[in-house]
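Right, one structure below, let's go through it.
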Amino acid sequence: MNNKEIYINNTLTGKKEKFKPITENFVGIYVCGPTVYSEVHLGNCRTFVFFDTLVRYFHFLGYKVRYVRNITDVGHLVNDADEGEDKIAKKAKLEQLEPMEIVQKYTLNFHEVMHSFNTLPPDIEPTATGHINEQISMVEKILKNGFAYEVNGSVYFDVKKFLESGNDYGELSGRNIEDLLAGSRDLDGQQDKKSPQDFALWKNADDSHIMKWDSPWGVGFPGWHLECSAMSSKYLGNKFDIHGGGMDLKFPHHECEIAQAKGANHEHPVNYWVHSNMLTLNGKRMSKSTGNTILPFELFTGSSSHLTKSFSPSVVRFFMLQAHYSGVLDFSNEALIASEKGFRKLMNAFDLIKHHDFVEQHIDEQQNSKVESLCSSCFTFMSDDFNTPKVIASLFELVSIVNHFNSTSWSISNSTFELLQKTFCGFIEEVLGLENEITGNSSLTNQLIELVLELRKDAKANKNYQISDKIRDELVKIGVEIKDGKDTTSYTIKN
RNA sequence: GGUCUCGUGGCCGAGCGGCUAGGCAGUGGUCUGCAAAACCAUCUACAUCGGUUCGAAUCCGAUCGAGACCUCCA
C-alpha cells in the first residue's frame with residue numbers, strides 16, 4: 001500500500017474510503033465558514049484549524065487545491081424555523097450600526113484570529129450578499145424542477161415532493177421523515193409552509209427588514225442553506241470532492257444543501273463529507289449563555305477566568321491537533337499547560353534538526369532504519385483519515401532519537417538525515433502549520449544575547465559564579481532560557 | 001420523547017481482536033560548580049456485569065454514567 005494514498009472517513013457513508021479526486025491531482029474543497037455577527041469562538045477555530053491542516057496535507061502531497069470557505073453575511077436566522085430576525089440585522093440594531101459595519105468588523109476579527117492560528121487563507125472566500133443573483137437562479141431552477149413552491153413572496157423547498165420522486169432526505173444525518181415530523185414543534189409563523197420540515201429558499205421581507213433584495217418573488221432575502229449550495233457549485237462545480245464543516249451543521253444545514261443541489265442539478269453535490277467534532281470546555285459544551293466559553297483573544301492574553309495564564313496560538317493549535325478531529329475535545333487549563341510543555345520540547349528539536357550541520361560519521365543500521373520507518377509512518381498516519389495525534393506521536397519518537405544523537409553522536413547516514421530533515425520539518429511547518437512562538441526575534445536581539453552569553457562564559461571560566469548565575473537568572477526573568485551544553489550554550493526565547 | 005456518539009492509567013489523548021501509542025506529571029539514576037535542558041531506567045489503564053473467541057480496551061448484549069443533534073451554533 002502506498003502511504004500517500006489518502007483514506008477519508010466519509011460521514012455520508014459512515015465508512016473510511018480511499019480518496020479518489022474527480023480530476024487527477026486536483027482537489028476541490030468547500031468548508032462552511034462563519035456567520036460574522038460576533039467574534040469567532042474557539043469551537044469555530046478548531047474546525048478551521050483542522051480543515052487548514054487537511055488542505056495543507058493535500059498541498060504537501062503535491063495536489064493542486066482549490067479551497068473555498070464562505071462568509072455568511074446574511075440569511076442566517078436567529079432560529080431555524082424560518083421565522084425570526086436575521087442574525088446580522090439583529091446585531092446591527094443592537095449596536096446601532098449598519099449591517100455592513102457588523103460584517104466588516106467581525107470579518108476582520110475572524111481573519112485576524114485565523115491568521116494568528118497560522119491558517120492559510122482560502123483560495124476563494126465568497127460572501128452570501130455577493131452572490132444574490134446566483135442564489136436567485138438556483139431557486140428558479142429548483143422551482144422549475146418542481147421541488148419548491150411560492151407562498152406570499154417566499155419560496156420553500158418541498159421535502160415531501162422531493163421524497164416522492166425517489167430522493168432521500170436524511171441520508172447524511174441518518175434521520176427519516178417520520179422522526180422529523182414527530183420531533184418537530186409548533187412554532188409561530190410557519191403557516192406558509194405546507195409541512196414543518198420544508199425549509200426556506202427565499203424569504204419575503206417586510207418593511208422592518210434592513211437587508212433585502214429584489215427577486216422574481218418580490219423583495220426579500222435568501223435562506224441560510226442556499227448560499228453554500230450556490231457558491232460551492234459556482235466555484236467548484238455541481239459535483240466536487242470534499243465538503244467540510246462542524247458536526248452541528250450536519251442537520252439541518254448540510255442535509256438541506258444536499259436536497260437543494262439535487263433539486264436543482266439532479267445529483268449529489270459532494271463525494272466526501274467530512275465533519276469535525278465539537279470542542280467542550282471543562283467537560284461541558286461551550287455556551288455563551290452559561291459563561292462556559294472562551295474567546296480566542298482571551299486565550300492569547302490570559303484574561304479568561306478559566307485560565308491561569310496566557311497561551312500562544314501555536315500552543316493552542318498544537319493542542320487541537322493532538323486529538324483526532326472526529327472526537328470531542330475537552331479544553332482545560334491543565335491540558336493546555338501540559339501541551340505547552342510538549343510543544344516546546346517538539347519545537348526545540350525542530351530548531352535543532354533544521355539548523356544542524358550534519359556530517360556523516362558511523363552508521364548504526366538499527367537506528368538508521370528506525371528513523372526511516374518513523375518518517376514513513378508520518379505519511380501513513382496522516383493519510384489514514386488525517387490522524388494528527390499519531391503523526392505527533394511519531395514526531396515525538398523522533399525527538400527522543402534526535403536528542404539522543406545530540407548527546408552522543410549522529411549514527412545515521414547522510415541520506416537518512418536529509419529524509420529526517422525534510423519529513424520532520426515539513427510535517428511541523430507545512431502540514432501541522434506549527435511555528436515557533438519566538439516573536440521580535442531580530443538579529444539584533446540575537447546578537448545582544450550572544451554577547452551577554454559570551455560575558456557569562458568568561459565569568460564562568462573565572463569561576464565567578466555569582467556573575468554568571470545573575471546573568472542566567474535575569475535572562476530567564478525576561479524570557480530567555482539558557483541551556484548549557486558540553487562546550488556550547490544555547491538559548492530559547494519564550495514569549 | 002426521538003436519533004446518535006462516547007466512557008482508557010494522576011491528567012490530556014491515540015489504538016478498535018494477539019505486538020511499548022505519545023505528551024504532561026511522578027520516581028530512581030547520568031551529565032553540570034549549582035540550575036535548566038537533555039539522556040537512561042521506571043510506576044500507575046482500558047466504566048460495570050455477562051457472552052462470542054485459542055485470545056477482547058478492541059466484537060455482541062445488558063446496566064450505570066457523560067455528551068451531541070432534533071432549536072442559533074463550527
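The chains referred to below are lettered A, B, ... by the order of the sequence lines, with proteins before strands, and numbering in each begins at 1. Values reported hereafter were calculated over all heavy atoms of this structure, with side chains retained and with hydrogens, waters and symmetry mates removed.
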>> Phe157(A): which residues meet the ring-ring contact (aromatic ring centres under 6.0 Å, His included) condition with it, sequence neighbours left out?
In response: Phe162(A), Phe199(A)

> Taking only residues two or more places apart in sequence, or in another chain, which ones meet Phe405(A) in a ring-ring contact (aromatic ring centres under 6.0 Å, His included)?
Replying inline: Trp410(A)

>> Work out how far the P atom of C12(B) is from that of U5(B), and round it to whole angstrom.
In response: 23 Å

>> If I take atom CD1 in residue Ile294(A) and atom C1' in nucleotide A74(B), what distance separates them, rounded to the nearest angstrom?
In response: 16 Å

>> Could you tell me how far U20(B) sits from C11(B) if I compare only their P atoms? Round to whole Å.
In response: 24 Å

> Rounded to whole angstrom units, what separation is found between the CZ atom of Phe251(A) and the P atom of C70(B)?
Replying inline: 8 Å

> Using the ring of each side chain (for Trp, its six-membered ring), is Phe417(A) parallel, tilted or perpendicular to Phe358(A), with breaks at 30° and 60°?
Replying inline: parallel

>> What is the distance, to the nearest angstrom, from the CD1 atom on Ile478(A) to the P atom on A36(B)?
In response: 20 Å

> What would the secondary structure line of RNA chain B be in dot-bracket form, counting Watson-Crick and G-U wobble pairs under 3.5 Å, with [ ] for pairs that cross earlier ones and | for pairs with another strand?
Replying inline: (((((((..(((.....[...))).(((((.......)))))....(((((..]....))))))))))))....

> Between G33(B), A74(B), A14(B), which nucleotide has the shortest distance from any of its atoms to the side chain of Asn44(A)?
Replying inline: A74(B)

>> Heavy atoms only, 4.0 Å cut-off, all strands: where does Gly43(A) land among base, sugar-phosphate and nothing?
In response: base

>> Please give the distance between the P atoms of C64(B) and G55(B) as a whole number of Å.
In response: 29 Å

> Can you find an N or O donor on one side and an acceptor on the other, under 3.5 Å apart, linking the side chain of Arg472(A) with the base of A35(B)?
Replying inline: yes

>> Under the salt bridge (charged side-chain N to carboxylate O under 4.0 Å, His left out) definition, can you give me all pairs with a residue in residues 371-391 of chain A, not counting sequence neighbours?
In response: Lys16(A)-Asp384(A)

>> Quick one, Tyr37(A) with Thr72(A), criterion side-chain hydrogen bond (donor to acceptor under 3.5 Å, both in side chains). Give me CA distance, side-chain angles, the key distance, then yes/no.
In response: CA-CA 9 Å; Tyr37(A) 70 105; Thr72(A) 299; over 6 Å; no

>> Could you tell me how far apart Asn406(A) (CG) and A38(B) (P) are, to the nearest whole angstrom?
In response: 12 Å

> Which nucleotide sits closest to the side chain of Thr47(A): A74(B), A38(B), C40(B)?
Replying inline: A74(B)

> Regarding Arg69(A) and the six-membered ring of Tyr30(A), is the cationic atom NZ or CZ under 6.0 Å from the ring centre and inside 45° of its axis?
Replying inline: no

> Ring centres of Phe51(A) and Tyr67(A) under 6.0 Å apart?
Replying inline: no

> Taking the P atom of each, how far is U42(B) from C59(B), in whole Å?
Replying inline: 31 Å

Tabulated below should be each protein N or O lying under 3.5 Å from an N or O of nucleotides 19-25 of chain B; please produce it.
| from | atom 1 | to | atom 2 | distance (Å) |
| --- | --- | --- | --- | --- |
| A25(B) | OP1 | Lys341(A) | NZ | 3.3 |

>> Tell me whether the side-chain N/O atoms of Asn403(A) come closer than 4.0 Å to OP1 or OP2 in A38(B).
In response: no

>> With rounding to the closest Å, how many angstrom separate the C1' atoms on U44(B) and G51(B)?
In response: 30 Å

>> Would the base of G33(B) count as contacting Asp469(A) through its side chain, where contact means a donor and an acceptor less than 3.5 Å apart?
In response: yes

> Over how many whole Å does the gap from Met320(A) atom CE to G13(B) atom C1' extend?
Replying inline: 15 Å

>> With rounding to the closest Å, how many angstrom separate the C1' atoms on G18(B) and C46(B)?
In response: 16 Å

>> Which nucleotide wins on minimum distance to the side chain of Asn387(A), given the candidates G33(B), G15(B), G13(B)?
In response: G15(B)

>> Please pick, from G33(B), A14(B), C12(B), the nucleotide with the shortest atom-to-atom distance to any side-chain atom of His324(A).
In response: A14(B)

>> Could you tell me how far C69(B) sits from A74(B) if I compare only their C1' atoms? Round to whole Å.
In response: 14 Å

> Do His254(A) and His275(A) make the cut of ring centroids closer than 6.0 angstrom?
Replying inline: yes

> Within the distance-only criterion (no hydrogens, no angle test), does the side chain of Asn368(A) pair as donor or acceptor with the backbone N or O of Ile412(A) below 3.5 angstrom?
Replying inline: no

>> Can you identify which nucleotide, out of A74(B), A14(B), G33(B), has its nearest atom closest to the Tyr465(A) side chain?
In response: G33(B)

> Taking O4'-C1'-N9-C4 for purines and O4'-C1'-N1-C2 for pyrimidines, is A21(B) syn (within 90° of 0) or anti?
Replying inline: anti

> Which comes earlier along RNA chain B counting from the 5' end, the contact point of Met247(A) or that of Lys16(A), where each point is its nearest nucleotide?
Replying inline: Lys16(A)

> Is the Phe48(A) to Phe110(A) ring centre distance short of 6.0 Å?
Replying inline: yes

> Starting at CG of Leu346(A) and ending at P of A37(B), how long is that distance when rounded to a whole Å?
Replying inline: 16 Å

>> Tell me the interatomic distance from Asn277(A), atom CG, to C4(B), atom P, rounded to whole angstroms.
In response: 17 Å

>> The criterion is ring-ring contact (aromatic ring centres under 6.0 Å, His included); which residues satisfy it with Phe58(A), sequence neighbours excluded?
In response: Phe19(A), Tyr63(A)

> Can you tell me how far C1' in U8(B) sits from the matching atom in A57(B), rounded to whole Å?
Replying inline: 7 Å

> Is atom NZ of Lys15(A) surrounded by more than 12 heavy atoms (other residues, nucleotides or ligands) closer than 6.0 Å?
Replying inline: no

> Rounding to a whole Å, what distance do you find between Lys470(A):NZ and A35(B):C1'?
Replying inline: 18 Å

>> For Phe331(A) and Asp248(A), find the nucleotide of RNA chain B closest to each by heavy atoms; which residue's nucleotide sits nearer the 5' end?
In response: Phe331(A)

